[in-house]
Amino acid sequence: MGVESTTHVADEAAPPSPGRAKGQASLLKGRRRLTQRLLALPVIWLIIFFVVPVALVALYSVGLLNSFERNPGYTWQAWGDFFTGGIYMRLFWRSLRVAIIVSVVVVVLAYPIAYFLSMVAAKYKYALLILMITPFLTNFFLRIMAWKVILADQGLVNNFLFLTGLRAEGNPLDIAFGPIPVMIVLTYVWIPFVMLPIFASLISVDRDLLEAANDLGASRWRAFWQVTFPLSLPGIGAAFFFVFIPTIGEFVVPLFMGGPKGYMFGSAINDLFGISLNWRTGSVLSLWLVMVVFAFAYVFMKFVKLDRLADV
Amino acid sequence: MIDVATSRRAGRVLAGLFTFEIIFLWSPIVLLYIFSFNQGTVLAFPFSGFTLDWYKAIFDSPLLLKSLHTSATIAAAASTASVIVGLLMSVPLARRKFRGKAPITALVLSPLVVPHLVFSIALLLLFRFVGDALGIVSIFAWPTVILGHVVVLLPIIVLILVPRLQRVDAALEEAAQDLGASGFLTFRSIILPLILPALFSAYLIAFIISFNEFIIAVFISGSATTFPIYVFGQLQYPTELPVVVATTVIVVTLSLVVVLGAEFLRRRLERRIDLLSETTGILGVSDSAT
């Protein structure tokens with residue numbers, strides 16, 4: 001993934017001159033040992049605090065670990081219920097749809113902005129980029145609160161509609177709760193974040209290629225579609241993913257703005273662990289989420305080389 | 001350079017769209033700025049008069065101050081640890097070829113692909129398991145949050161550092177070693193200065209993410225209250241919501257100042273170490289084309 005195609009220094013060094021060969025060999029050996037040492041700590045850390053916990057979720061999902069019942073025993077029942085029960089599956093499809101819609105909308109809105117910053121806004125592009133990203137640094141909940149002020153029945157949007165007569169007073173647009181406000185707020189939350197990978201891929205488009213396209217008689221649009229856009233595809237893919245992953249597991253925004261219709265798969269997981277204390281079913285749902293995201297990631301990786309997007 | 005964007009009409013359309021989205025992104029925040037000066041205790045119209053009381057009240061709220069302190073401590077520890085560990089890891093990933101590189105890369109990036117909700121639950125199960133095994137009733141506290149944050153920060157740091165490290169000319173490193181410099185000396189005197197700006201932006205990004213992180217914190221912080229957890233509580237049982245809004249206004253203003261200041265510093269730093277040919281934005285975005 002990220003870093004495979006690299007300029008390799010050590011083991012592909014220029015052919016050693018005869019007198020240097022011996023020293024080179026011991027140097028390489030030393031480097032190999034150093035590499036192992038440098039990697040040991042992070043790898044052990046990730047195994048203990050990432051791989052093992054996820055494995056524990058798997059053990060919970062098949063009943064081999066149990067916090068609230070006696071006699072833990074191996075059972076696939078929770079998995080069977082999940083696939084045949086219908087409720088959680090329906091929630092899953094709903095969340096998948098929301099996640100895909102939000103991801104697409106966010107990328108469509110973020111692309112022109114990143115494009116503008118990288119191609120047009122020459123001198124001030126980083127200052128403008130920061131201006132774009134600062135909202136992302138604001139406390140998440142307070143931004144949700146602000147959106148409630150905007151979208152409430154007596155909120156800014158509805159008051160505007162009343163004032164302009166587009167909507168009769170006492171008959172406000174119902175955008176305070178439900179899937180629509182959830183999607184609006186999630187879109188809002190992710191735009192600044194997602195701009196970065198798109199901006200990174202656009203800014204590294206080789207400007208000489210555009211000159212060449214021009215010299216060869218390509219129109220501006222043609223230059224965009226045949227040079228700029230294809231080269232920014234890895235950024236678009238990364239952006240899509242950066243939105244899709246957290247959104248499909250989202251539970252905070254639905255909690256405040258979802259209402260019963262905006263209840264999502266992530267909400268169900270959160271409730272299973274926090275309220276109904278059904279950790280086995282909760283583990284099944286969590287693991288299913290991981291499996292789905294990994295499947296998406298795998299397909300994505302088939303199309304896009306991650307080391308391109310590592311240029312962020 | 002000829003592209004759609006460089007035509008005058010397209011430039012104007014794009015500038016318009018940019019302005020529109022800036023308004024979209026900033027309008028809730030402008031609302032927060034306004035409400036922080038509003039006398040009313042609920043976030044709703046109409047306004048009931050101007051006041052600075054909420055700003056004064058920040059210092060009379062020990063719980064609020066404590067939550068800010070907890071978040072800052074966690075963020076400082078988690079970002080420092082993850083930048084160090086991330087650097088240890090990025091150097092071989094960027095500059096060496098070794099067996100097992102692909103699986104290790106996959107391992108370090110995989111926290112990006114697991115929703116935080118699931119990861120938090122997994123950590124909750126781990127610490128509970130360890131707590132049961134050791135007979136500790138409440139193992140959860142702010143240090144457990146640091147452990148969790150480092151895991152999710154690592155891939156982000158590696159993604160920022162590796163491309164920078166790859167761009168450091170291999171010949172520089174070889175030259176230093178031919179002249180007899182040890183591996184560590186080469187790293188310290190050649191590589192480190194060249195990636196210092198990237199390290200700095202990695203640290204800043206890690207700090208901000210950790211400071212604002214809610215999901216992992218709420219699952220495994222035990223009775224410790226971080227700032228996001230405190231705000232979450234205020235939304236459900238508001239007792240001093242306007243004070244929290246005022247605090248956030250200060251935090252946003254401060255982060256804007258810090259980030260802009262860092263961007264300014266970075267430019268000076270990169271100029272000093274003679275990297276004008278290729279610069280990297282404060283957010284780690286590479287800028288090799290300009």
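A:F141 has its side chain out of reach of B:V244: every pair of non-hydrogen atoms, C-beta onward, lies at least 4.5 Å apart. Two residues are said to be in side-chain contact when any heavy atoms from C-beta on lie closer than 4.5 Å; A:F50 and B:V114 meet this criterion. By the 4.5 Å heavy-atom criterion applied to side chains, A:I150 and B:P28 are counted as neighbours. In this structure the side chain of A:V149 reaches within 4.5 angstrom of the side chain of B:F35, judged on heavy atoms. Taking 4.5 Å as the limit, every side-chain heavy atom of A:V43 sits out of range of all side-chain heavy atoms of B:V108. Two residues are said to be in side-chain contact when any heavy atoms from C-beta on lie closer than 4.5 Å; A:L131 and B:I22 meet this criterion. Counting only heavy atoms from C-beta outward, the side chains of B:V251 and A:T138 never approach each other to under 4.5 Å. Contact of the B:L124 side chain with the A:P53 side chain is not registered, since no non-hydrogen atoms from C-beta on lie closer than 4.5 Å.
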Q.
Does B:I121 form a side-chain contact (heavy atoms from CB on, under 4.5 Å) with A:N270? I'd like the steps, not just the answer.
A. CA-CA 9 Å; B:I121 283 161; A:N270 187 40; over 6 Å; no
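Per-residue counts of heavy-atom pairs under 4.5 Å with chain A were compared for B:V249, B:I209, B:L123; the largest is that of B:L123. Among B:V85, B:L117, B:L112, the residue making the largest number of heavy-atom pairs under 4.5 Å with chain A is B:L117. Per-residue heavy-atom pair counts under 4.5 Å with chain B were compared for A:L128, A:V52, A:I248, and the maximum is reached by A:L128. Top candidate by heavy-atom pairs under 4.5 Å with chain B, chosen from A:L41, A:V252, A:L142, A:V290, is A:L142. Most heavy-atom pairs under 4.5 Å with chain B, from the set A:I245, A:V57, A:L287: that is A:I245. Most heavy-atom pairs under 4.5 Å with chain A: of the set B:V245, B:V150, B:L17, B:V91, this distinction falls to B:V150.
The CD1 atom of A:I130 sits 11.5 Å away from the OG atom of B:S255 when rounded to the nearest 0.5 Å. Once rounded to the nearest 0.5 Å, the distance linking CZ of B:F24 with CD1 of A:I191 reads 5.0 Å. To the nearest 0.5 angstrom, B:T248 atom OG1 is 5.0 Å from A:N139 atom CG. Of the inter-residue distances, the one linking A:M145 atom CE with B:L32 atom CG reads 10.0 Å to the nearest 0.5 angstrom. Taking CH2 of A:W45 as the start and OG of B:S82 as the end, the distance is 8.5 Å to the nearest 0.5 Å. Atoms CG and CG, from B:L125 and A:L59 in turn, are 9.5 Å apart once rounded to the nearest 0.5 Å.
Residue B:L126 comes nearest to A:L56 through the heavy atom pair CA-CD1, 3.3 Å, listed as atom of the first residue, atom of the second, then distance. The minimum heavy-atom distance between B:E21 and A:L109, with the atom names listed, is OE2-O, 2.8 Å. Annotation for A:V54 and B:A122: closest pair N-CB, 3.9 Å, computed over non-hydrogen atoms. Of all heavy-atom pairs spanning A:L39 and B:I104, the tightest one is CD1-CD1, 4.1 Å.
Checked against the 6.0 Å centroid threshold, B:F219 and A:F273 do not count as a close aromatic pair. Between B:F214 and A:F140, the distance separating the two ring centers is not shorter than 6.0 angstrom. Aromatic ring centroids of B:F129 and A:W279 lie 6.0 Å or more apart.
For B:L25, the parts lying near chain A are the backbone and the side chain together; criterion is any non-hydrogen pair under 4.5 Å. The contact between B:I208 and chain A is made entirely by side chain atoms (from C-beta outward), counting heavy-atom distances below 4.5 Å. Residue B:L256 touches chain A through both its backbone and its side chain, counting heavy-atom pairs closer than 4.5 Å. Contacts between A:P42 and chain B at a heavy-atom distance below 4.5 Å involve backbone atoms as well as side-chain atoms. Residue contact with chain B, scored on non-hydrogen atoms closer than 4.5 Å, is absent for A:V189. Looking at B:L147, the atoms closer than 4.5 Å to chain A (heavy atoms on both sides) sit in the backbone and in the side chain alike. Using a 4.5 Å cut-off between heavy atoms, B:F18 touches chain A through backbone and side chain atoms alike.
Under the rule for a side-chain hydrogen bond (donor to acceptor under 3.5 Å, both in side chains), the partners of B:E213 that lie at least two apart in sequence or sit in another chain are B:H149.
Taking the six-membered ring where the residue is Trp, B:F127 and A:F49 present tilted rings, their angle falling between 30° and 60°. Using the six-membered ring where Trp is involved, A:F256 and B:F232 have ring planes that are perpendicular, over 60° apart on the 30 and 60° scheme.
Sequence neighbours left out, not one pair with a member in residues 114-123 of chain B passes side-chain hydrogen bond (donor to acceptor under 3.5 Å, both in side chains).
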